[in-house]
Amino acid sequence: QVQLVESGGGSVQAGGSLRLSCEASGYTTNSNSVAWFRQAPGKEREGVAAIYTHGSGTWYADSVKGRFTISLDNAKNTLYLQMNSLKPEDTAMYYCAAGWSKLRVGFDLPAEDFGYWGQGTQVTVSS
């Protein structure tokens, strides 16, 4: 069974930085990729960034490319999302997820590929 617990959310001013963490267990045998999604009030959930659990390969939403960096420390069983140059439009609940997905550049990241989800951590960016 996969368990995911996010932390690191908070409130920050525009231009600031935050690092989200997701402590994960059971994902190495139950998934090939882990990801961050976000959902703002009144909006659909969207993929932010993803990474394969073994080997290289990442995926980023166009809206965060150059500002966010996803990384995975398998020794610590922890997924990270470093968020720099934050904008008010980045305000959302951020979720960690694990599943089986092909990270195809230029395509959306299908939420239905990810069967395991954390409880979320809130990120609020003020202008």
Arg19: what forms a salt bridge (Lys or Arg N to Asp or Glu O under 4.0 Å) with it, not counting sequence neighbours?
none

For Glu46, which residues count as a salt bridge (Lys or Arg N to Asp or Glu O under 4.0 Å) partner, sequence neighbours excluded?
Arg38

If you round to the nearest 0.5 Å, how far is [atom2] of [Y] from [atom1] of [X]?
X	Y	atom1	atom2	result
Asn74	Leu79	CG	CG	10.0 Å
Leu20	Thr78	CG	OG1	12.5 Å
Leu72	Leu81	CG	CG	12.5 Å
Trp59	Phe107	CH2	CZ	12.0 Å
Asn32	Tyr52	CG	OH	6.5 Å
Leu4	Tyr95	CG	OH	13.0 Å

Is there side-chain contact between [X] and [Y], with heavy atoms separated by less than 4.5 Å?
X	Y	answer
Thr28	Thr53	no
Tyr60	Thr69	yes
Val125	Glu89	no
Trp36	Met83	no
Phe114	Ser31	no

Would you call Lys87 and Asp90 a salt bridge, using N to O less than 4.0 angstrom?
no

Please determine whether side chain to side chain contact (heavy atoms under 4.5 Å, CB included) holds for the pair Leu86 and Gln13, giving the CA-CA distance in whole Å, both sets of side-chain angles, and the decisive distance to 0.1 Å.
CA-CA 8 Å; Leu86 282 161; Gln13 288 193 325; over 6 Å; no

So, for [X] and [Y], which heavy atoms are closest and what is the spacing to 0.1 Å?
X	Y	result
Trp100	Thr29	CZ2-O, 4.2 Å
Thr121	Gly9	OG1-N, 3.1 Å
Ala49	Leu109	O-CD2, 4.4 Å
Pro110	Ser101	CD-OG, 4.2 Å
Ala50	Leu103	CB-CD2, 3.7 Å
Gln82	Ser17	NE2-CB, 4.0 Å

[X], [atom1] atom: more than 12 neighbouring heavy atoms under 6.0 Å:
X	atom1	answer
Glu23	CD	no
Gln3	CD	no
Gln119	CD	yes

Any donor-acceptor pair under 3.5 Å from Tyr116 side chain to Gln1 backbone:
no

Taking the side chain from Asp73 and the backbone from Ala75, do they hold a donor-acceptor pair closer than 3.5 Å?
yes

Establish whether Phe37 and Ile70 are linked, either directly or via other cluster members, by ILVMFWY side-chain heavy-atom contacts under 4.5 Å.
no

State yes or no: do Met93 and Trp117 share one hydrophobic cluster built from I, L, V, M, F, W and Y residues joined by side-chain heavy-atom distances below 4.5 Å, directly or via other members?
yes

Checking side-chain contact (heavy atoms from CB on, under 4.5 Å) between Tyr80 and each of Ser71, Cys22, Cys96, which is the one that passes?
Ser71

